[in-house]
4 protein chains.
Amino acid sequence: MKRNKPKFKQIIDAAVIIIAENGYHNAQVSKIAKQAGVADGTIYLYFKNKEDILISLFQEKMGQFIEKIEEDITEKEKAVDKLYMVIEKHFKLLSDDHHLAAVTQLELRQSNKELRLKINDVLKGYLRVLDSILETGIAGGEFRDNFDRRLARQMIFGTIDETVTTWVMNEHKYDLMALVPGVHDLLIKGFGVSS
Amino acid sequence: MKRNKPKFKQIIDAAVIIIAENGYHNAQVSKIAKQAGVADGTIYLYFKNKEDILISLFQEKMGQFIEKIEEDITEKEKAVDKLYMVIEKHFKLLSDDHHLAAVTQLELRQSNKELRLKINDVLKGYLRVLDSILETGIAGGEFRDNFDRRLARQMIFGTIDETVTTWVMNEHKYDLMALVPGVHDLLIKGFGVSS
Amino acid sequence: MKRNKPKFKQIIDAAVIIIAENGYHNAQVSKIAKQAGVADGTIYLYFKNKEDILISLFQEKMGQFIEKIEEDITEKEKAVDKLYMVIEKHFKLLSDDHHLAAVTQLELRQSNKELRLKINDVLKGYLRVLDSILETGIAGGEFRDNFDRRLARQMIFGTIDETVTTWVMNEHKYDLMALVPGVHDLLIKGFGVSS
Amino acid sequence: MKRNKPKFKQIIDAAVIIIAENGYHNAQVSKIAKQAGVADGTIYLYFKNKEDILISLFQEKMGQFIEKIEEDITEKEKAVDKLYMVIEKHFKLLSDDHHLAAVTQLELRQSNKELRLKINDVLKGYLRVLDSILETGIAGGEFRDNFDRRLARQMIFGTIDETVTTWVMNEHKYDLMALVPGVHDLLIKGFGVSS
DNA sequence: AATGAATGAGTGTTCATTCAT
DNA sequence: AATGAATGAACACTCATTCAT
């Protein structure tokens, strides 16, 4: 399996750096090859084409994150705690790797529609995680049961995503981790007064 | 002023159609010119370059929407009603023009970073509108006053944006307008049970 | 006759300034029109096309110079004095008008071959003047009669031209007029020792 | 070093032919590539841009000529013989390659000012050769010592250049080599009678 | 497995010229 | 005579991908 060979990861890590530093449209295959320390042609022994590098990059980084979070939240019993953990780990992942944050929030979105559709496939796993948290919460009486679940998970994902994007666009000039409680609180309670 | 000449709008409308139908990267200037019924060179009498068409497109369509919504919400007294109106009119704008929806939610995001920064300038007006609604709501006792307002407005914008994008990616196969009450409800109350 | 209308000269003078200041390839018709204080289209009432402006420019400036010099040298009796006068007046013309010097020595040579051939027609008058001086000199015993007259006139013209071009390329940083005696002396006597 | 690879020379030779046959402004990169038997993109592996082809062309052809002539004239002892050799070899170079003659005398002069300045750098080597010949001649008593050397070398270069250009403009319809003695004679002795 | 020289398709923009007013 | 908005042809250069070694 190519995914497990060292050069596979080597090229993906090179891609993250090159894209973060040069922007999506200035991240030529030859630059990535140079950064990875391989010849241009070698890239094509591990990836079908340039797009495949980007998809693989997203799968490796976000896909693994989703798999991991899926496991991690089993530790927590309550849905509110599971949700807190998702937000926290999501923010942590990107807070710890500014290059990756720039790539996922800004650069990769400049890709064409097909690539974005494939990226969305990866994100479906994320939405499944959110779904299961919502289910747990409703079953356990932590969440009400009269809301549109699909909308709720779009709210959760949209809010997290927008928060991170704004942070990246502001050049990480404030602490993303500090926002975890506020985001969690707003998602659960909204900003209205409880009756 | 060029912005008021008929050909200015004519070219922008042509651009929306061509970009929606061909995708951002296949929307050649010559295609746009042909659709607009003008010569290639005429484009450059009204726009500095191709990027300028896209910025102007966004300014015309979203910028005007924001200006209008700013006025319209003065009709409503309560913050919850103002918010409802924003969601409703935002969804309506894009629900009524599927081409425009595809362009704003998918295609225009493929532009380079500089263009996206300019687009963000336009969106700052939107965030200001949301801010003022939140202020009104807090002042009037409709909203609680112990939440991070910047996060709240990112939640509102992120949720609306994500909801529309998902709708566009699903090829408009359900009724976007039907989601207005659900989105409004979730934003105000969250999905937690009120204590 | 268009040549005598005020706008004809107005446009030519504008062309000299625009070409000198912007270079041949940045001297757009619209710039020349603006400098001349007329509309773009008006140019085409006086000139067949852009090339025609440049030919006319050269004809007006150098053609008139040649006609004048042809008359002026009749004042002098001796061929050496006639030659001196030619060099002197040629240098003076360009020394007095740095814009014109830049245009004739550098910018106009960037034109295409056809234009250069037409410019050469104008210069044929110059060569005729030089021919007649050589004839006079030979007849009067001032010049020897065993040299190739065509080569001699190419030497005269080539030397004058090269001297002016070098002066323009050195940004007129020395006094061109001071070189008249030296050029005259070298042309008549060469640099060999006379036997 | 790219300059020594066969394709480098191959492309330059193709450029000479294409420019001579089509003129400077009709010498598209794709035409040159086709003539050279390489792909358009290959050109850019050897040259920075189109202008770089032209500079390199001049450097290869004239630069090498100058280096060679510098060596060759050491064979001759007398300055008059050295000068004769320069004229002869210069005429021979261009007499033997009509394409090259057309390119250096007519086409390359249509280039923009910056390119011409770089061409002038190459020609500085030529002027140095002429200087050293003049020095030798003065030191050896062959040439007088009361003339402006800068003017003299401008006379030599200007005369040679004008003679070749006239020959090219007359479509090589007479024998350039036959003019060598006449040019040499005029430069040394001028056309005046020796006192 | 790895290389890297070679390929060649694809497009935004300028500006001389026209012509309806 | 004069205008100036509109025209549309023309081209250098990049870079993802291949394939002989």
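Within every chain, numbering begins at 1; the chains are lettered A, B, ... in the order of the sequence lines, protein sequences first and strands thereafter.
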Testing D/Lys61, D/Gln35, D/His99 for side-chain hydrogen bond (donor to acceptor under 3.5 Å, both in side chains) with D/Asp13, which one passes? D/Lys61

At under 4.0 Å between heavy atoms, what does B/Val29 touch on the DNA or RNA strands: base, sugar-phosphate, or nothing? base

Regarding the side chain of B/Lys50, the nearest nucleotide among F/dA2, E/dA6, E/dT13 is E/dT13

Should D/Lys124 and D/Asp121 count as an ion pair when the cut-off is N to O under 4.0 Å? yes

State which of E/dT14, F/dC11, E/dG8 makes the closest approach to the side chain of B/Tyr44. E/dT14

Gap between atoms CG and C1', on D/Leu45 and F/dA12 respectively (whole Å): 15 Å

Distance, rounded to the nearest Å, where C/Ile53 contributes CD1 and E/dA16 contributes P: 9 Å

Nearest 0.5 Å, what's the CD-CZ distance between D/Gln59 and D/Arg3? 5.0 Å

Whole angstrom is fine here: how far is it from CG in D/Asp52 over to P in F/dA12? 14 Å

Residue closer to the 5' end of DNA chain F, D/Ala27 versus B/Asp40 (nearest nucleotide): B/Asp40

CG-CG distance between D/Leu108 and D/Leu54, expressed to the nearest 0.5 angstrom: 6.0 Å

Just checking C/Lys7: base, sugar-phosphate only, or nothing, at a heavy-atom cut-off of under 4.0 Å? sugar-phosphate

Base, sugar-phosphate, or nothing: which does B/Tyr46 touch, judged by heavy atoms less than 4.0 Å apart? sugar-phosphate

Could you tell me the separation between the CG atom of A/Leu57 and the NZ atom of A/Lys9, rounded to the nearest 0.5 Å? 11.5 Å

Could you give the CD1-to-P distance, from D/Ile11 to E/dT7, as a whole number of Å? 9 Å

Among the nucleotides F/dC11, E/dT7, F/dT7, which one has an atom lying closest to any side-chain atom of D/Asn26? F/dC11

Contacts of A/Ile43 and C/Gly41 projected onto DNA chain E by closest heavy atom; the upstream (5') one is A/Ile43

Selected nucleotide, minimal atom distance to C/Gln28 side chain, candidates E/dC15, E/dA6, E/dT11: E/dC15

Can you tell me the base-pairing partner of E/dG10? Count Watson-Crick or G-U wobble geometry only, both distances below 3.5 Å, and say none if there is no partner. F/dC13

For the side chain of C/Ala39, starting at C-beta, report the closest nucleotide among E/dT13, F/dA5, F/dG4. F/dG4

Going by purine N1 to pyrimidine N3 plus the second Watson-Crick contact, or the G-U wobble pair, all under 3.5 Å, which nucleotide sits opposite F/dT21? E/dA2

Distance check needed: E/dC15 P versus C/Glu51 CD, whole Å only. 18 Å

